[in-house]
Amino acid sequence: MVEPLIEAAVELDATAMVGPGSWIRHGSIIGASVIERGVFVGFRSRIHGAFIETGCQIASLTRFGRPGGAPIVVGRAAWIGARAVIEPGVRIGAGAVVGAGAHVTADVPDDALVIGRPHRILRHREAVEDGLPDFGRVIATVRARHDSNSRATPKGWKSGPECVIDADLSGGTDVILGNAVIAMGRADGPSRDGGIRAASGVRIGDEAILEASSGIDIGADTVIGPRALVVSSGHDLSRRSLPWQSGAVRIGARVRIGADATIVGPANLSDGAVITPGAVVVGDVPAGHTTSGVFGGNPS
């Protein structure tokens with residue numbers, strides 16, 4: 001199996017172990033933890049005191065335990081959605097799925113799908129046994145790129161310091177990316193629609209993360225708040241291998257997305273929609289509508 005890919009600005013505790021074929025994305029912190037083979041950890045996650053078994057996938061901005069807390073165990077091929085919080089001492093069962101934004105305070109059974117704050121069991125998976133997730137090919141592709149995490153912005157766009165740009169960017173002018181924005185998604189990735197297409201006047205707040213592997217389209221004069229997360233993909237939960245699944249995000253004109261909000265595709269936020277700070281939105285929001293959170297069919 002290939003050597004692990006540990007990106008820039010990842011902090012590894014001296015006692016942390018990361019197995020072969022694993023991929024730790026930019027800005028994550030791995031405390032005293034063991035990460036086995038073939039594990040994916042998304043952007044700016046914080047993992048303390050965890051034993052994460054083979055084939056797990058962990059989305060961006062997750063929080064596991066705390067320094068000195070009781071150990072956490074995550075069973076093989078589990079999926080932990082974006083911005084989930086796992087409390088110390090919890091065991092996540094093999095094949096379990098923790099939905100975006102969920103707060104897990106007690107053990108989760110094998111193959112259970114949980115959502116909510118605090119978590120509740122929504123249903124149980126019945127997965128086709130087609131093997132564990134394997135990131136070897138993707139890691140090889142990323143390593144072969146000469147411009148990973150360092151692409152230029154288009155003419156008329158401005159970006160703050162410490163941005164990490166690994167996306168195809170296009171659209172209007174007068175687009176501003178704040179400090180330390182992470183933008184990823186390219187047409188040479190899993191979908192030809194990968195990339196961020198922003199109309200004129202778009203503002204992306206500091207430390208926002210845009211994961212546009214199947215495309216994020218943003219209408220004119222839309223504002224995405226600081227530390228917001230927009231994810232345009234998910235996983236096919238019917239298969240044990242949790243293959244990547246397209247989930248394009250369309251954001252209309254004059255939309256307001258609050259600080260620390262999470263948008264998971266497929267989603268369509270129509271013109272003038274307002275997403276309140278900290279909301280988790282999975283699905284569509286009508287024009288002019290204000291929402292504090294909508295849980296739809298995609299728990300990624």
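We count residues from 1, following the sequence as given. Owing to the predicted nature of the structure, the values given are computational and were not obtained by experimental measurement.
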Flag side-chain contact, heavy atom, 4.5 Å: [X] against [Y]:
X: Arg91; Y: Ile86; result: no
X: Arg240; Y: Arg125; result: yes
X: Phe64; Y: Val74; result: yes
X: Ile263; Y: Val231; result: no
X: Val18; Y: Leu12; result: yes
X: Ile29; Y: Ile47; result: no
X: Val249; Y: Asp217; result: no
X: Ile196; Y: Met184; result: no

Locate the shortest heavy-atom distance separating [X] from [Y]; write the atom from each residue and the value.
X: Ala96; Y: Pro109; answer: CB-O, 3.7 Å
X: Ile92; Y: Ala78; answer: CG2-CB, 4.2 Å
X: Pro4; Y: Pro20; answer: CD-CA, 3.9 Å
X: Gly89; Y: Asp107; answer: O-OD1, 4.0 Å
X: Pro133; Y: Gly55; answer: CG-O, 3.2 Å
X: Ala279; Y: Ser292; answer: CB-O, 3.2 Å

Nearest 0.5 Å, please: how far is [atom2] in [Y] from [atom1] in [X]?
X: Leu210; Y: Ile182; atom1: CG; atom2: CD1; result: 9.5 Å
X: Arg37; Y: Cys56; atom1: CZ; atom2: SG; result: 11.5 Å
X: Ile35; Y: Thr54; atom1: CD1; atom2: OG1; result: 11.5 Å
X: Phe43; Y: Ile24; atom1: CZ; atom2: CD1; result: 12.0 Å
X: Gln57; Y: Trp244; atom1: CD; atom2: CH2; result: 12.5 Å
X: Leu177; Y: Cys163; atom1: CG; atom2: SG; result: 5.5 Å

Are [X] and [Y] connected, step by step, through hydrophobic side chains (Ile, Leu, Val, Met, Phe, Trp, Tyr) whose heavy atoms are closer than 4.5 Å?
X: Ile58; Y: Leu229; value: no
X: Val164; Y: Val230; value: no
X: Val85; Y: Val282; value: no
X: Val181; Y: Val175; value: yes
X: Leu169; Y: Val223; value: no

- How about Ser191 and Ser214: does a side-chain donor come under 3.5 Å of a side-chain acceptor? no
- Is it the case that Thr262 and Arg83 place a side-chain donor and acceptor less than 3.5 Å from each other? yes
Donor-acceptor check, side chain of [X] to backbone of [Y], threshold 3.5 angstrom: yes or no?
X: Thr222; Y: Gly252; result: yes
X: His235; Y: Leu242; result: yes
X: Ser33; Y: Gly49; result: yes
X: Ser270; Y: Pro286; result: no
X: Ser232; Y: Ile216; result: no

[X] bridged to [Y] by N-O distance under 4.0 Å:
X: Asp110; Y: Arg76; result: no
X: Arg66; Y: Glu87; result: yes
X: Arg250; Y: Asp284; result: no
X: Arg151; Y: Asp168; result: yes
X: Arg239; Y: Asp130; result: yes
X: Arg145; Y: Asp188; result: yes
X: Asp260; Y: Arg227; result: yes
X: Arg186; Y: Asp147; result: yes

- Evaluate side-chain contact (heavy atoms from CB on, under 4.5 Å) for Val255 paired with Val274, printing each intermediate quantity in order. CA-CA 6 Å; Val255 172; Val274 176; over 6 Å; no
- CZ of Arg192: more than 12 outside heavy atoms within 6.0 angstrom? no
- Message: If you count every heavy atom of other residues, nucleotides or ligands that lies below 6.0 Å from Glu126 atom CD, does the total exceed 12?
- Response: no
- Evaluation steps, side-chain contact (heavy atoms from CB on, under 4.5 Å), between Thr141 and Ile139: CA-CA 5 Å; Thr141 297; Ile139 288 174; over 6 Å; no
- Evaluate the side-chain contact (heavy atoms from CB on, under 4.5 Å) criterion for residues Val114 and Arg120: first the C-alpha distance (whole Å), next the side-chain angles of each, then the deciding distance (0.1 Å), finally the verdict. CA-CA 5 Å; Val114 303; Arg120 61 182 175 85; over 6 Å; no
- Note on the structure: side chain to side chain donor-acceptor pair (under 3.5 Å) with Ser60: of His26, Glu211, Arg25, Arg44, only one passes, and it is Glu211
- Taken in chain and number order and not counting sequence neighbours, the residues that satisfy side chain to side chain donor-acceptor pair (under 3.5 Å) with Arg256 are none
- With sequence neighbours left out, what residues match Ser159 under side chain to side chain donor-acceptor pair (under 3.5 Å)? none
- Item | Derivation and outcome, side-chain contact (heavy atoms from CB on, under 4.5 Å), residues Ile218 and Ile204 | CA-CA 10 Å; Ile218 308 172; Ile204 310 297; 4.3 Å; yes
- Query: Given Arg117, which of Val104, Val280, Thr105 fulfils the side-chain contact (heavy atoms from CB on, under 4.5 Å) condition?
  - Reply: Val280
- Message: Evaluate Thr173 against Trp157 for side chain to side chain donor-acceptor pair (under 3.5 Å), listing each step before the verdict.
- Response: CA-CA 6 Å; Thr173 59; Trp157 292 40; over 6 Å; no
- Task: With sequence neighbours excluded, tell me which residues meet ring pair (Phe, Tyr, Trp, His ring centres under 6.0 Å) with Phe40.
- Result: Trp23, Phe135
